[in-house]
Amino acid sequence: MSIIYDAAHRIFKLDAGESSYLLQVGAHNYLFHLYYGAHISDTDISYLTFHCPHAAFSPKQDAADTFNPDVIAFECPGNGCSDFRGSAITVQNADGNTATDFRYVSHRIYAGKPAIRGLPATYAAEDEADTLEILCRDAATGVETLLFYTAFRGISAITRHARVINSAERGVVLRRAMSTAVDFHTANGMDLICLYGEHNNECRFARSPLTHARTEVFSKRGASSHMHNPFLALCSANATEEEGEVWGFNLVYSGNFSASANLDTVGGARVLMGINPEDFAWRLDAGESFDTPEAVMVYSDRGLGEMSRTYHRLYRHHLCRGKWKTAKRPILINSWEAAYFNFDDDKLVAFAREAAALGVEMLVMDDGWFGKRNNDKCALGDWVVNEEKLKGGLDSLVRRVNALGMKFGIWFEPEMISPDSDLYRAHPDWALQVPNRGKSIGRHQYVLDMTRADVRDYLFDAMKKVLDSTKIDYIKWDFNRNLTEAGSALLAADRQGEVFHRFVLGLYELLERLLSAYPDLLLESCSGGGGRFDAGMLYYSPQVWASDNTDAMARLDIQYGTSLCYPASTMGAHVSAVPNHATRRTTPFDTRAAVAMAGTFGYELDPCKLSEEEKAAVREQCQNYHRYYPIVHEGELYRLIPPVSGDRNRAAWCHVSADKRQVLATYVVRRFDGQDRHHFRLAGLDPTLRYREEKSGRVLSGDTLMRAGYAVEERLFDGQSRTFLFVAEE
Ligand code: DGJ
């Protein structure tokens, strides 16, 4: 059991991998946070609780209290009752006030991990994790909160979520429902890391000192968004890729979120993460309950690198599910950049024929195959095959592709509706909207009201018709605008504050329904690239298209940031044509492949236009994908020269196989800056093994490669790269 309860001191101790998390039932049954960090042996560390005897301007409920609720580390901070920091849970009771004060009532510890109703979450067998449930009650309203903590036995990861239960007789409104709240005792000198971005520029790494001003990453777009990933980390100021302390927070959720942190006046910090309280108000009638999404907290005392590897292990084995969880993904070729809307069956078959001969395993027909969709101005919602384009129908096309030995994948954007569509003409009320206000348009489309069961039924049936008509192996599930005027025609006025969350619940329900009906289907989610690259989507789609920007140089940054939380097996990455469609940049073919090899790998180009030399390269790249698969997808990532460090002109990383006997290292020069020395130190190797570098035949020990490093003995210019395979000698 990785969770114990020390009844004498009323302390809970959770040990997850190499980390410990301690909390205590303290005075008046408040839950005090005691510690989160590297594994410790003792349980009673209540001496660490800072009571703060100087308490000017800090009222107390009980004047005799020796602790100060304004600064003490709380585990489930309430609202308006002497803790002036951000609350975890705020309930507006039937009288209209928002004072909320949860106190410990009871607890339960058990092996395993429960699922969360209607929401994606990590999962574990009984011998892999233990769960602590703490029941708290707000005496004034009778509302209860169940706090769930799961500690993974062999992984330094702890998950948290809360269930708010209205056990009272009158209805309340949930105003704030955070998934986790962690009060750090000492945070002076820490840094805060987040991932920001935009379309074509996702998951950019940002690191700054944690300050007294609250820093918040958030979305109120109805999707996790390109702008901020639902991730935040605190780290020691000296933390690097492989050294220093890091605390990562990642939300398993695909909608509006908020994650914030700031230093407090006594040198501590509160981290809060959960559904964005803005535009959120959930009516909780008597007897009803509400589950927050899950927050995944990872601790590392070996820098950002180990934090990422921990997330990768956890998400590969305890979040992704089903047939494709760890199965080798087919190398795909996608029609988008090759043809956009301009294709027919013959063109697609020509793509498939060329690509199959080179070793590509699946053709994906992107946007443009349905309704009258010859551009992005119409037809979303009309999921009926356009037989003018696909002459002979979809089944005939799929058979022709399959006959070439290729699987077949198809694109959908289920949550959207074009004003110029048969669906909209029949059901204008199915688009999200609010009365007496115009509907904002984005990419010529509106968003469907996914809170409605009839809308979801329509989508399921429409997709089912397509899926049942032939053999579809893969779906790219796209989402190309964010939510505005988010009102639902079917919800009462006092439930409109639920639309954003209900939208996400509706999306999850539809995904679950589809996967239950078609368990062999491989889903790749996408939102104009990485606009919904989050752990919530990974529960349904084990791969996500990381960015519409397929330029290998831009991908260095995008994939670096994405890799902070998400493993290579989840990161959609393709080789595309040059000049790149997003940046106009021309990058060498082998560099484009080397960068895509750090993700799911595939192509996004017209194979009929490849030169003989390029075709030979593709053949080799496909063979390499299979060769390197156990290293990249079953091994571990070490970021050797992060492109975000002082030197933005170089990047290097390596993947090390699980047995440490094979290492694939990639070194890239983004921009020639006259510095001709190209050197990098490997990491993650077995120091005692001797490794042979494949091309040079040079044999070096693991310790030499990690300490003295390796050199690229060539001049390298803009965009050039070199890949090295090191294999341990018998
Ligand atoms: C946005 C996606 O990110 C692209 O890959 C492509 O599928 C287009 N949508 C199609 O409209």
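Atoms within each ligand, like the ligands themselves, are counted from 1 in listed order.
Listed by number with element, the atoms of ligand 1 under 4.0 Å from a non-hydrogen atom of G528 are 1 (C), 3 (O). Each of the following atoms of ligand 1 lies closer than 4.0 Å to a heavy atom of C526: 2 (C), 3 (O). When each atom of ligand 1 is checked for a heavy atom of N480 under 4.0 Å away, the hits are 1 (C), 9 (N). Here is the list of ligand 1 atoms found below 4.0 Å of a heavy atom in D367: 10 (C), 11 (O).
The shortest contact between atom 4 (C) of ligand 1 and any protein heavy atom is with D548 OD1, 3.4 Å. The protein non-hydrogen atom at the shortest distance from atom 9 (N) of ligand 1 is D478 OD2, 2.7 Å. With respect to atom 7 (O) of ligand 1, the closest heavy atom belonging to the protein is D366 OD1, 2.7 Å.
Residue M365 holds its CE atom at 12.5 Å from OH of Y474, rounded to the nearest 0.5 Å.
Considering backbone and side-chain atoms alike, F341 places every N or O at 3.5 Å or more from each N or O of ligand 1. For ligand 1, the polar-atom distance check against W336 finds no nitrogen or oxygen pair separated by under 3.5 Å. Not one N or O of S527 is nearer than 3.5 Å to an N or O of ligand 1, by distance alone.
Put simply, the side chain of H655 does not reach to within 4.5 Å of the side chain of T666, judged on heavy atoms. Residues I417 and V447 have side chains not in contact (no heavy-atom distance under 4.5 Å, counting atoms from C-beta outward).
Ring centers of H312 and Y566: at least 6.0 Å apart, outside the cut-off. Aromatic rings from F249 and F231 are positioned such that their centres are separated by 6.0 Å or more.
When E524, E604, K476 are ranked by how near their heavy atoms come to atom 5 (O) of ligand 1, first place goes to K476.
R321 forms a cation-pi arrangement with Y539, by the criterion of a distance under 6.0 Å to the ring centre and an angle within 45° of the ring axis. Cation-pi geometry between R555 and W653 is not met at under 6.0 angstrom from the ring centre and within 45 degrees of the axis.
Around atom CZ of R437, no more than 12 heavy atoms belonging to other residues, nucleotides or ligands sit under 6.0 Å away.
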